[in-house]
There are 2 protein chains.
Amino acid sequence: MGPGGGAEPVGPAQACPIAPVVDIVFSRWTTPILWALHAHGRQRFVELQRLIGTITPKVLTQRLRQMERDGLVVRTYHPEVPPRVEYEISDLGSSLAPLFSTLAEWSEANLGRVEQARRTFDDAAAGTPAPGPGAPRPRPDRRG
Amino acid sequence: MGPGGGAEPVGPAQACPIAPVVDIVFSRWTTPILWALHAHGRQRFVELQRLIGTITPKVLTQRLRQMERDGLVVRTYHPEVPPRVEYEISDLGSSLAPLFSTLAEWSEANLGRVEQARRTFDDAAAGTPAPGPGAPRPRPDRRG
DNA sequence: CAGAATCCGACGCGATACTG
DNA sequence: CAGTATCGCGTCGGATTCTG
């Protein structure tokens, strides 16, 4: 999502029907959280943190709160000592499963192509600046 | 994607097979760009900017460059005066179509539920702090 | 245990102005 | 036309510390 918080395009950008969903479902941690919850079922806070691996409690709380608000996960608080809180996927969150499957399949099939494309692009960018300027483009900021 | 740039989880987060795809395909502007290109075919820079509506040339260039590097779009430079550049979806980019359809369908069917969940959550957050502390949580930073 | 509070850095993005 | 350069803001995310 962008700096503006919610995505509410006023221009023709609204023609893209999936922009809102991106804001809701796809951030750095929402998919790993959803995935962990989907794969291992209801989990406690620390267990969830352990399952995901590197996420800090602060960020985990933030994402979890947002996802709870959006109705993707359900938080259950057990008033005990020590306190126990459990998170699980809601029905709404579960409805994303087929979507994630499609995504996983695409990844399985095409991630290699992306990596190959990157290599080709970077090689071309590093190799052609000497000859003729086939296309005037200073430098192609690479990330991967 | 996160501030760290590329997503390369070293921990159990790697168990989430779609995290890399999120980094590649889903940002604030990649989906609108892909959508516009998919809907209207090959387009020139300014036309693309107009179709999307609010994107600035700087950001459009950045995203386009990244997507070109990832092999999602193809840039064609025509050495003329004035210069003419055209962008179109690659085969790899087109392979995302079914994914986008699934996403659009989910949005159509469930976006209302998310909005409803938000209202319910916000109302509950604004209404229950007075009675008994059912779940000790200071304030639920709302966004929408 | 399940967070909250605080400080901090890095991007993504927006607005504006300028160029080959 | 198709970008590039510069500036600044806001948000996300990491690290650390503290609490009921």
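Bear in mind the structure is a predicted one, so any value in this text is a computation, not a measurement.
Listed nucleotides: C:dG3, C:dC1, C:dC13. Nearest to the side chain of B:R63: C:dC13. Of the candidates C:dC1, D:dA2, D:dG13, the closest approach to any side-chain atom of B:F45 belongs to D:dA2. Between C:dG14, D:dC1, D:dG3, one nucleotide has an atom nearer to the side chain of B:P57 than all others, and that is D:dG3.
Mapping B:V59 and A:L64 onto DNA chain C by nearest heavy atom places A:L64 at the nucleotide closer to the 5' end. Heavy-atom nearest nucleotides on DNA chain C were determined for A:T61 and for A:P83, and the one closer to the 5' end corresponds to A:P83.
Put simply, CZ on A:F26 is 18 Å from P on C:dG12, counting in whole angstrom units. Rounded to whole angstrom, the span from the OH atom of A:Y77 across to the C1' atom of C:dG3 amounts to 10 Å. As rounded to whole Å, 13 Å separates atom P of D:dA2 from atom CZ of B:R50. Straight-line distance from the CD atom of A:Q49 to the P atom of D:dA15: 11 Å, rounded to whole Å. Computed from coordinates, the A:I55 CD1 to D:dG13 P distance equals 8 Å when rounded to whole Å. Per the geometry, CG belonging to A:L60 stands 16 Å off P belonging to C:dA5, to the nearest Å. As a whole-Å value, the separation of B:E80 CD from D:dG3 P is 13 Å. Spacing between atom CD of B:Q62 and atom P of C:dA15 amounts to 14 Å, rounded to whole angstrom units.
B:T31 OG1 to B:L103 CG: the interatomic distance, rounded to the nearest 0.5 Å, is 8.0 Å.
Neither OP1 nor OP2 of D:dG3 sits under 4.0 Å from any side-chain N or O of B:R84. Taking 4.0 angstrom as the limit, B:R28 places a side-chain polar atom (N or O) nearer than this to OP1 or OP2 of C:dG14. At the phosphate of D:dC1, neither OP1 nor OP2 sits under 4.0 Å from any side-chain N or O atom of B:R44. For C:dA2, the OP1/OP2 oxygens have no side-chain nitrogen or oxygen of A:R75 closer than 4.0 Å. OP1 and OP2 of C:dC1 both lie 4.0 Å or more from every side-chain N or O belonging to A:Y87.
A donor and an acceptor atom sit less than 3.5 Å apart, one in the side chain of B:K58 and one in the base of C:dG14.
Ion pairing between a basic and an acidic side chain is recognised when a charged N comes within 4.0 Å of a carboxylate O; A:E115 and A:R118 show no such pairing.
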Got a list of side-chain donor-acceptor pairs under 3.5 Å for residues 78-88 of chain A, not counting sequence neighbours?
from, atom 1, to, atom 2, distance (Å)
A:H78, NE2, A:E86, OE1, 3.3
A:E80, OE1, A:R84, NE, 3.4
A:E80, OE2, A:R84, NH2, 3.0
A:R84, NH1, A:E86, OE2, 3.4

Check step by step if salt bridge (Lys or Arg N to Asp or Glu O under 4.0 Å) holds for B:R44 and B:E47. CA-CA 5 Å; B:R44 302 180 63 170; B:E47 271 306 300; over 6 Å; no

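Inspection of the A:Q116 and A:R119 side chains reveals an N or O donor paired with an N or O acceptor under 3.5 Å.
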